[in-house]
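Worksheet for the structure shown next.
In this chain, numbering begins with 1 at the start of the sequence shown. Note that these values count all heavy atoms, side chains included, but never hydrogens, waters or copies made by symmetry. Note that this is a predicted model, so its numbers are computed, not measured.
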Amino acid sequence: MTSRKNEQIDGQRAELRASDIMDPNSQIGVRLRSLYAAVQEEAIPDRFLDLLEKLDQAELASAKAAK
């Protein structure tokens, strides 16, 4: 999965023209896309997963109580 995203990023970088590299807005865009891709690769913290599980349990309990 990681290698596929890396290949996509490499492909996007290869498509940049020389004029795009000189444009500050293009450079910002490239860096933002790179940052976004890095964030996507990060694992979800266990604490956050635990909170989501507690929320699911609370919603199930609330739905059962409403019946």
Side-chain angles (χ1 to χ4, degrees):
M1 183 178 201
T2 303
S3 63
R4 183 187 308 164
K5 288 185 181 182
N6 288 339
E7 289 174 6
Q8 289 174 344
I9 292 169
D10 290 341
Q12 290 172 351
R13 288 179 183 158
E15 292 176 4
L16 291 175
R17 296 184 306 249
S19 61
D20 290 338
I21 294 172
M22 299 302 290
D23 180 22
N25 291 329
S26 179
Q27 291 176 5
I28 292 169
V30 168
R31 289 181 181 170
L32 285 173
R33 282 188 291 276
S34 176
L35 176 64
Y36 181 75
V39 169
Q40 284 182 316
E41 294 295 320
E42 291 182 9
I44 299 173
D46 290 336
R47 183 171 181 228
F48 187 70
L49 293 174
D50 291 340
L51 289 172
L52 289 174
E53 182 63 31
K54 288 178 183 177
L55 178 61
D56 285 342
Q57 291 173 359
E59 287 177 343
L60 287 174
S62 176
K64 287 181 182 178
K67 290 182 179 180

Nearest-0.5 Å distance, CG of residue L35 to CD of residue Q40: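 Between L35 CG and Q40 CD, I get 10.5 Å after rounding to 0.5 Å.
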Nearest-0.5 Å distance that lies between atom NZ in K54 and atom CG in D50: 6.5 Å
Determine whether L52 and I44 fall in the same hydrophobic cluster, where Ile, Leu, Val, Met, Phe, Trp and Tyr are linked whenever their side-chain heavy atoms lie under 4.5 Å apart. yes
Check the surroundings of atom CG in D46: do more than 12 heavy atoms from other residues, nucleotides or ligands lie under 6.0 Å from it? no
